[in-house]
Amino acid sequence: MPRDLTSFVKEDALSDMSPLGRSEQHQDQQPTQQDPPGSQDEPPMMFRDSIQAKGNQERDELHPYTQTLTLSDVDSCVILEEAAFPPHERATKEKFRYRLGKCSELSLGIFTSHEGTDIPTAATSQPVYSGAPHRKAVLLGHIVATKTTNAIVSDSDMALPSDDPANPALGNKQEGRTVAIHSLAVLPQFQRKGLGSTLLKAYLDRLAKQDVADRAALIAHEDMIPYYEKFGFKNRGKSAAQFGGGGWFDMVKEVTLEDEGDGLIWSRR
Ligand SMILES: CC(C)(COP(=O)(O)OP(=O)(O)OC[C@H]1O[C@@H](n2cnc3c(N)ncnc32)[C@H](O)[C@@H]1OP(=O)(O)O)[C@@H](O)C(=O)NCCC(=O)NCCS
């Protein structure tokens with residue numbers, strides 16, 4: 001049985017998350033080497049973070065942890081996306097393949113090692129460690145992104161280069177300093193338990209620590225604006241994006257490093 005989350009709480013809070021990406025460790029940064037609860041017989045996994053925030057019992061009982069997504073998670077992402085979004089707002093499997101293939105390091109999943117048969121992503125879950133194939137990482141929520149040279153998310157950023165090979169503006173722009181978040185979703189039966197907030201906070205903390213971008217941007221429906229504002233996103237008004245029928249608002253969060261007196265802390269505005 002997984003250990004209780006409280007025995008897993010690190011002294012540092014979520015601000016000590018390991019860097020983005022499974023393979024892009026900073027040489028001068030000590031990676032978090034905690035495994036998810038129940039994985040004591042596994043070797044240290046440098047890309048995985050236990051959730052250290054507490055306060056939501058239903059969420060904590062899942063012993064969730066975050067880790068970057070890879071192409072092996074595509075099927076789970078597709079199931080999750082189909083469960084969370086109406087058909088016209090879903091990213092396709094092709095898009096997940098493209099985005100995780102290009103920018104795995106800009107993604108983050110929130111997982112549980114519980115394997116309830118009622119969890120739709122259990123069927124496509126991956127072993128957490130090849131030495132313990134019975135232990136599965138079951139995806140509960142995901143954030144998937146690419147980079148753009150725009151300051152907001154446009155339809156071009158959301159498109160695939162293969163949609164129009166003659167248009168160089170489509171898809172990921174590695175040199176961009178804006179992270180375009182395309183999907184934030186939690187499986188419906190696990191929504192409103194704090195998982196989405198935990199995932200988004202962990203993601204934004206990682207972005208700031210890695211200095212991979214100057215800002216994070218996304219498009220949101222009006223009812224979600226207050227949610228994103230809680231994380232420091234600013235409403236930049238109605239979006240020109242017509243994806244999924246339009247009606248979106250541009251939400252942008254500048255990501256900066258600030259010294260607030262008691263050492264460097266990462267500030268997300
Ligand atoms: C948005 C989402 C990722 C949030 O994850 P979550 O785990 O449910 O969120 P949390 O439990 O951390 O926070 C819950 C808060 O999210 C906000 N929220 C969630 N869904 C909302 C909705 N449909 N409309 C408005 N606010 C919503 C509310 O502020 C809510 O607080 P409340 O329960 O006190 O009302 C999740 O609800 C989801 O996957 N929704 C469907 C997909 C989606 O709309 N994604 C966002 C695209 S912009």
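Each residue takes its place number in the sequence, starting with 1. When a ligand or atom number is given, it counts from 1 through the structure's own listing order.
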request  = Using a strict 4.0 Å threshold on nitrogen-to-oxygen distance, state whether Asp214 and Lys253 make a salt bridge.
outcome  = no
ask   = Which of the atoms of ligand 1 are close to Ser197, meaning less than 4.0 Å from one of its heavy atoms?
value = 10 (P), 12 (O), 13 (O)
ask   = Given the protein's heavy atoms, is any one of them under 4.0 Å from atom 2 (C) of ligand 1?
value = no
ask   = More than 12 non-hydrogen atoms from neighbouring residues, nucleotides or ligands closer than 6.0 Å to CD on Gln242, yes or no?
value = yes
note = closest protein heavy atom to atom 9 (O) of ligand 1 is Tyr227 OH, 3.7 Å
inquiry  = I'd like to check which ligand 1 atoms, numbered from 1 as shown, lie under 4.0 Å from a non-hydrogen atom of Gly194.
reply    = 10 (P), 11 (O), 12 (O)
key: Other ILVMFWY residues reachable from Val153 by side-chain steps of under 4.5 Å   = Met158, Ile219, Phe243, Trp248
ask   = What part of Thr198, side chain, backbone, both or neither, has a heavy atom within less than 4.0 angstrom of ligand 1?
value = neither
ask   = By number and element, which atoms of ligand 1 are closer than 4.0 Å to a non-hydrogen atom of Ala84?
value = 41 (C), 42 (C)
request  = Give yes if a backbone or side-chain nitrogen or oxygen of Ile219 is under 3.5 Å from a nitrogen or oxygen of ligand 1, and no if not.
outcome  = no
key: Distance filter under 4.0 Å to Tyr228 heavy atoms, resulting ligand 1 atoms   = 46 (C), 47 (C), 48 (S)
request  = Evaluate the 4.0 Å heavy atom contact test for atom 31 (O) of ligand 1: does a protein atom fall under the cut-off?
outcome  = no
request  = Looking only at protein heavy atoms, identify the closest one to atom 7 (O) of ligand 1 and say how far it is in Å.
outcome  = Gly196 N, 2.8 Å
ask   = Can you tell me which residue and heavy atom of the protein come closest to atom 40 (N) of ligand 1, and the distance to 0.1 Å?
value = Gln191 NE2, 3.5 Å
task = Give the single entry among Asp223, Leu184, Leu195 that approaches atom 23 (N) of ligand 1 most closely by any heavy atom.
result = Asp223
key: Connected via hydrophobic side-chain network under 4.5 Å: Ile79 and Phe111   = no
query = atom 34 (O) of ligand 1: protein heavy atom closer than 4.0 Å?
reply = no
query = If you count the atoms of ligand 1 from 1 in the order shown, which ones are under 4.0 Å from a heavy atom of Lys193?
reply = 11 (O)
task = With sequence neighbours excluded, give me every salt bridge (Lys or Arg N to Asp or Glu O under 4.0 Å) pair touching residues 181-193.
result = Glu58-Lys193
key: Salt-bridge present (Asp75, Lys93; N to O < 4.0 Å)   = yes
request  = Name the option, out of Leu140, Leu80, Leu187, Val186, that contains the heavy atom nearest to atom 39 (O) of ligand 1.
outcome  = Val186
remark   = Of Glu81, Lys230, Arg192, the one whose closest heavy atom lies nearest atom 21 (C) of ligand 1 is Arg192
Within the 6.0 Å centroid threshold, strictly below: Tyr203 and His142 = no
inquiry  = Nearest 0.5 angstrom please: Met251 CE to Tyr227 OH, how far?
reply    = 12.0 Å
task = Would you mind telling me if ligand 1 is within reach of the side chain of His221, the backbone, both or neither, using heavy atoms under 4.0 Å?
result = neither
key: Check ion pair Arg90-Glu81 (N to O, under 4.0 angstrom)   = no
Test item: Phe190 and Ile119 side chains (from C-beta on) under 4.5 Å apart, heavy atoms = yes
